Amino acid sequence: MSNAQTLILAAPQILPVVPRDTLLQDHALIIRDGTIHAIEPQATARANHPEAEYRDHPGQILIPGLVNAHTHSGMSLLRGIGSDRPLMEWLKGYIWPAEGKLLSPEFVRAGSRLSIAEMLRGGTTCFSDMYLFVDDAARVVDETGIRASLGLTVFDFPTPWASTADEYFQRGADVVANWGHHDRIAFNVAPHAPYTVGDTSLERVAARARELNVPIHMHVHETASEVADALRDQGERPLARLARLGMLDQPFIAVHMTQIDDADLNLLRGRPVSIAHCPESNLKLASGFCPVTRLQDAGLNIALGTDGTASNNDLDMIGEMRTAALLAKGISGDAAALPATAALEMATLGSAKALGLADRIGSLEPGKQADVVAVDLQALELQPAHDPSAQIVYAATRDAVRDVYVAGRPLLRNRELLTLDSQDLRAEAEYWRVRVLETQQPTA
């Protein structure tokens with residue numbers, strides 16, 4: 001191995017997430033071929049690897065890359081339309097009509113580029129996507145250097161991507177054939193929701209996920225009306241239906257989960273189910289509150305996601321950590337609920353576990369991919385930094401993110417994107433802003 005393949009990232013502090021509650025002072029990450037080889041004191045690192053490339057991050061703290069467990073990256077072009085309306089009115093009155101007119105490979109590529117730029121500038125190095133024209137999203141992931149778990153989306157009604165259930169499954173198979181060997185692209189099988197996918201398709205989803213050895217990724221119990229409608233129309237709660245179909249006996253990412261009763265909790269205990277908590281989207285759509293502490297107490301893994309920019313309206317995982325931590329305290333009446341270290345773990349290792357990627361990402365450990373974020377804690381607003389975890393979760397904003405690395409490759413340096421052009425992104429966004437606006441005009 002040549003010395004050019006060794007990179008040293010040094011900082012006054014490193015917060016590796018594993019071991020829990022560990023804070024390393026004046027250490028460095030030794031990276032070889034994109035993988036963390038060792039973590040050593042800075043002086044030792046320089047002595048042991050004198051010809052390695054050395055990058056210092058003075059005044060900064062290195063943390064694992066944030067992992068967004070649920071988003072819809074192509075929907076960034078719909079940011080802000082139909083705001084301040086409940087979920088189904090928002091979907092049926094604004095989002096779905098716009099998508100029906102505009103959704104295309106070009107739309108998804110442009111939206112994904114804009115989302116990835118935002119995520120990188122906020123410290124997100126991996127995201128779990130659920131959208132359409134997945135092959136085009138994969139191209140953008142490949143071009144930009146970020147990491148992703150792409151959802152092989154399934155509906156039981158036509159969209160511009162596919163017309164029948166058979167076609168959705170074939171589209172997904174084509175994506176896996178094209179991108180299955182990519183070192184930064186993983187997959188999940190993503191039936192949209194219980195109210196948009198029937199039993200036959202769900203059984204096929206479970207089989208496909210087992211075949212690919214990937215998680216199922218699905219909106220579940222997002223609103224009270226979703227559960228009430230299922231009880232009225234099918235005589236059982238959506239979660240009970242999924243359990244009856246055997247879908248909860250394999251890795252399953254249940255997104256939102258704001259409506260949980262004791263029977264639901266009992267169904268979840270001991271099963272390989274992770275919850276993708278999206279607190280800001282749930283708050284904005286008034287969908288309800290995910291009972292994070294109850295779910296954690298039941299032994300479930302909790303991941304953190306932003307949802308899409310159309311419903312959030314951002315992809316800010318640092319802001320999402322703060323909201324999740326504060327909401328957990330408010331709902332439980334316990335100030336100790338979801339402390340800062342746990343919120344950071346949820347946004348890194350918890351999300352990585354949900355995606356089946358915890359052996360590769362989610363913490364800074366030897367053998368894992370060098371997905372690393374440098375956060376600047378020198379701002380006056382962050383002083384004094386007695387507790388770096390608390391400063392990141394409760395005081396910092398995403399503007400504190402300075403540098404971002406994925407597999408040791410720099411994608412953001414001093415807040416400048418290295419694989420995307422900001423001016424091009426602004427021009428592209430303006431073009432689509434006008435196109436989206438045209439879809440919102442009332443017809444004569």
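Predicted, not measured: the structure shown is a model, and the values here were computed from it. Count residues from 1 along the sequence.
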| said: Can a side-chain donor-acceptor contact be found between Q170 and D174 if the only test is distance below 3.5 angstrom? | reply: yes
| Looking just at side-chain N and O atoms, do Y94 and S83 make a donor-acceptor pair shorter than 3.5 Å? | no
Would you mind checking if [Y] and [X] are paired as a salt bridge, meaning a charged N to carboxylate O distance below 4.0 Å?
| X | Y | answer |
| --- | --- | --- |
| E211 | R208 | yes |
| R171 | E167 | yes |
| R147 | D183 | no |
| K329 | D334 | no |
| R139 | D136 | yes |
| E438 | K101 | no |
| D371 | R360 | no |
| R79 | E118 | yes |
| R204 | D166 | yes |

If every non-hydrogen atom of [X] is compared with every non-hydrogen atom of [Y], which pair is closest and at what distance?
| X | Y | result |
| --- | --- | --- |
| K353 | A358 | CG-CB, 3.6 Å |
| L304 | P279 | CD1-CD, 3.9 Å |
| S201 | D156 | OG-OD1, 2.7 Å |
| G151 | V134 | O-CG2, 3.4 Å |
| Q250 | A206 | NE2-O, 3.1 Å |
| A110 | L77 | CB-CD1, 4.0 Å |

If we ignore hydrogens and angles and just use 3.5 Å, is the side chain of [X] paired with the main-chain N or O of [Y] as donor and acceptor?
| X | Y | value |
| --- | --- | --- |
| R415 | V401 | yes |
| R184 | D142 | yes |
| S76 | G111 | yes |
| T196 | A193 | yes |
| N301 | G350 | yes |
| T35 | H37 | no |
| E226 | H221 | yes |
| S351 | M346 | yes |
| E280 | N312 | no |
| H217 | A190 | no |

Value rounded to 0.5 Å, distance of [atom1] in [X] from [atom2] in [Y]:
| X | Y | atom1 | atom2 | answer |
| --- | --- | --- | --- | --- |
| L364 | L24 | CG | CG | 9.0 Å |
| E40 | L29 | CD | CG | 10.0 Å |
| R433 | E428 | CZ | CD | 15.0 Å |
| L420 | T144 | CG | OG1 | 6.0 Å |
| T223 | Q259 | OG1 | CD | 6.5 Å |
| L267 | L242 | CG | CG | 9.5 Å |

| field | Trace of the salt bridge (Lys or Arg N to Asp or Glu O under 4.0 Å) decision for D297 with R269 | value | CA-CA 10 Å; D297 290 345; R269 292 181 196 276; over 6 Å; no
| Of R244, R271, R210, the residue whose pairing with D249 passes salt bridge (charged side-chain N to carboxylate O under 4.0 Å, His left out) | R271
Flag side-chain contact, heavy atom, 4.5 Å: [X] against [Y]:
| X | Y | answer |
| --- | --- | --- |
| C126 | L357 | yes |
| L15 | L62 | no |
| I63 | V17 | no |
| E99 | M75 | yes |
| T258 | F289 | no |
| D403 | H57 | yes |
| F127 | V141 | yes |
| Q60 | R402 | yes |

| message | Would you say that more than 12 heavy atoms from the other residues, nucleotides or ligands in this model lie under 6.0 Å from the CZ of R20, or not? | response | no
| request: Using a cut-off of 6.0 Å, state whether more than 12 heavy atoms not belonging to D233 lie near its atom CG. | output: yes
| message | For N68, run the side-chain hydrogen bond (donor to acceptor under 3.5 Å, both in side chains) check against T306, D307, D316, T124 and tell me which one passes. | response | T306
| S73: which of S128, S115, S112 passes side-chain hydrogen bond (donor to acceptor under 3.5 Å, both in side chains) | S112
According to the interplanar angle, ranging from 0 to 90°, do the rings of [X] and [Y] count as parallel (below 30°), tilted (30 to 60°) or perpendicular (above 60°)?
| X | Y | result |
| --- | --- | --- |
| H219 | H256 | parallel |
| F157 | F155 | tilted |
| W179 | H182 | tilted |

| task | Verify side-chain contact (heavy atoms from CB on, under 4.5 Å) between L295 and L268, making sure each step is shown before the conclusion. | result | CA-CA 9 Å; L295 292 163; L268 295 170; 4.0 Å; yes
| R322 charged N/C atom sitting above Y394 aromatic ring, 6.0 Å / 45° | no
| message | Checking D261 against R237 for the salt bridge (Lys or Arg N to Asp or Glu O under 4.0 Å) test, could you report, in this order, the C-alpha distance in whole Å, the side-chain angles of both residues, the deciding distance, and whether it holds? | response | CA-CA 10 Å; D261 65 12; R237 293 168 70 85; 3.4 Å; yes
| task | List the steps and the verdict of side chain to side chain donor-acceptor pair (under 3.5 Å) for S281 and S311. | result | CA-CA 6 Å; S281 174; S311 63; 3.2 Å; yes
| query | So K368 and E365, salt bridge (Lys or Arg N to Asp or Glu O under 4.0 Å) or not? Walk me through it. | reply | CA-CA 6 Å; K368 288 197 173 184; E365 299 179 77; 3.3 Å; yes
| request: Any chance you could lay out the side chain to side chain donor-acceptor pair (under 3.5 Å) test for T159 and Y168, step after step, and finish with the verdict? | output: CA-CA 10 Å; T159 67; Y168 281 106; 2.9 Å; yes
| What's the verdict on side-chain contact (heavy atoms from CB on, under 4.5 Å) for I275 and C290, showing C-alpha distance, side-chain angles and the deciding distance? | CA-CA 9 Å; I275 311 302; C290 178; 4.0 Å; yes
